[in-house]
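Please read the structure below before turning to the comments.
Note: hydrogens, waters and symmetry copies are ignored here, and every other heavy atom, side chains too, is used. Since the structure is predicted, the reported quantities are computational estimates derived from the model, not experimental observations. As the structure lists them, so they are numbered: ligands from 1, and atoms in each ligand from 1.
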Amino acid sequence: MEGGDKVGKGEDGGPIATWLNKHRQLYLEATRHPFILSIKHGSVDISSFKRWLGQDYIFVREFIPFVASVLLKAWKETDDASDIDIILGGIASLNDEISWFKKEASKWNVPLSGNAPQKPNQDYCRFLESLMGSNIEYSVAITAFWAIEAVYQESFSLCLEDDSRTPEELMGTCQRWGNEDFRQYCCSLCRIANRSLAKATADVVRKAEEAFVHVLEKEVGFWNMSYGDS
Ligand SMILES: Cc1ncc(CO)c(N)n1
């Protein structure tokens with residue numbers, strides 16, 4: 001099965017399906033990274049996993065205000081109340097996620113406080129911040145939001161496929177983002193983004209595509225950071 005088809009298209013086509021084709025190579029780099037494949041194949045280096053865990057906690061803490069900013073834009077710019085419900089659901093699951101990170105970090109002896117963000121993480125967080133301003137259109141922000149969630153969904157669901165040899169102690173991590181509910185949630189975000197883009201000007205659509213590409217690049221950088229040695 002081709003990667004982008006599962007969480008990408010939603011049911012209504014739209015620009016996102018086109019972008020997934022156009023940027024397929026980069027999308028695959030982000031969703032089939034050697035780090036994820038090493039989890040799937042059972043050969044993952046646990047120190048890489050621990051580095052990813054510590055860094056991702058820092059990222060998720062930054063991701064919360066970003067999602068809050070998307071919620072605010074939705075409230076201002078859309079007349080569809082279900083957008084708010086779906087984004088609010090995302091915020092609720094981030095609340096669970098923070099607790100999960102704390103539990104998981106203590107299980108692996110990964111310190112969470114005083115853990116400095118590495119360069120690719122800083123770059124990614126700065127990019128998130130650049131999307132939080134009120135000058136950034138809802139279509140652009142919701143597209144980035146969808147892409148950020150979709151990369152994790154697509155990546156971790158690979159580790160749950162029947163042929164995977166994911167280590168038992170990493171199954172919880174893979175299920176967190178690879179599960180069916182999270183996939184559905186990503187599909188909802190994709191539909192919202194497509195619908196919003198359908199009403200946007202050509203200039204905004206172009207900016208949203210750019211944000212999508214940036215997310216993919218930042219995700220690759222983030223995986224590389226976890227995977228590298230030291
Ligand atoms: C780097 C990164 N991208 C996406 C997600 C999904 O929430 C995450 N937790 N971390």
Side-chain angles (χ1 to χ4, degrees), residues 3-4 6-8 26-36 39 48-71 86-105 108 110 112 115-132 141-160 170 172-179 181-190 193 211-228:
K6 285 190 294 174
V7 281
L26 183 57
Y27 186 75
L28 292 176
E29 279 173 46
T31 55
R32 277 141 205 255
H33 190 274
F35 174 64
I36 282 294
I39 295 177
S48 294
F49 175 78
K50 287 168 68 167
R51 185 166 16 187
W52 166 80
L53 188 71
Q55 291 293 316
D56 209 43
Y57 175 74
I58 299 172
F59 175 83
V60 169
R61 294 220 65 107
E62 282 285 312
F63 192 50
I64 296 166
F66 168 71
V67 180
S69 79
V70 180
L71 183 81
I86 287 158
I87 299 164
L88 182 61
I91 292 179
S93 68
L94 282 171
N95 186 36
D96 282 353
E97 207 160 298
I98 290 294
S99 310
W100 177 83
F101 269 105
K102 289 177 181 164
K103 230 176 44 220
E104 197 69 12
W108 292 100
V110 172
L112 289 184
N115 188 10
Q118 292 182 22
K119 175 85 171 36
N121 199 356
Q122 281 173 10
D123 286 351
Y124 203 169
C125 292
R126 217 171 297 139
F127 171 64
L128 285 184
E129 254 180 83
S130 78
L131 295 176
M132 290 188 215
I142 190 83
T143 298
F145 181 29
W146 160 75
I148 293 166
E149 298 289 47
V151 166
Y152 263 42
Q153 206 296 313
E154 189 95 36
S155 297
F156 283 109
S157 67
L158 276 183
C159 306
L160 301 176
L170 303 189
T173 301
C174 299
Q175 258 143 8
R176 169 151 288 281
W177 289 279
N179 77 72
D181 282 356
F182 196 75
R183 194 184 72 79
Q184 290 292 339
Y185 161 67
C186 291
C187 287
S188 301
L189 292 178
C190 181
F212 166 65
V213 169
H214 273 129
V215 166
L216 297 181
E217 288 168 351
K218 305 285 183 210
E219 288 288 342
V220 172
F222 202 93
W223 292 132
N224 285 345
M225 165 187 71
S226 313
Y227 198 56

Classify the angle between the aromatic ring planes of His33 and Tyr227 as parallel (below 30°), tilted (30 to 60°) or perpendicular (above 60°).
perpendicular
Side chains of Phe222 and Asp56, heavy atoms from C-beta outward: is any pair under 4.5 Å?
yes
Once the angle between the rings of Phe145 and Phe66 is folded into 0 to 90°, is it parallel (under 30°), tilted (30 to 60°) or perpendicular (over 60°)?
perpendicular
So, for Tyr152 and Trp223, is the gap between ring centers shorter than 6.0 Å?
yes
I'd like the atom pairs linking ligand 1 to the protein - N or O on both sides, separation under 3.5 Å - with distances to 0.1 Å.
unit_1, atom_1, unit_2, atom_2, d
ligand 1, 3 (N), Glu219, OE1, 3.3
ligand 1, 3 (N), Glu219, OE2, 2.6
ligand 1, 7 (O), Glu149, OE1, 2.8
ligand 1, 9 (N), Asp56, OD2, 3.0
ligand 1, 10 (N), Asp56, OD1, 2.6
ligand 1, 10 (N), Asp56, OD2, 3.4
ligand 1, 10 (N), Tyr152, OH, 3.2

To the nearest 0.5 angstrom, please state how far the OG atom of Ser130 sits from the CZ atom of Arg126.
10.5 Å
Determine the interplanar angle of the Trp52 and Trp177 rings, folded into 0 to 90°, and report it as parallel if under 30°, tilted if 30 to 60°, perpendicular if over 60°.
perpendicular
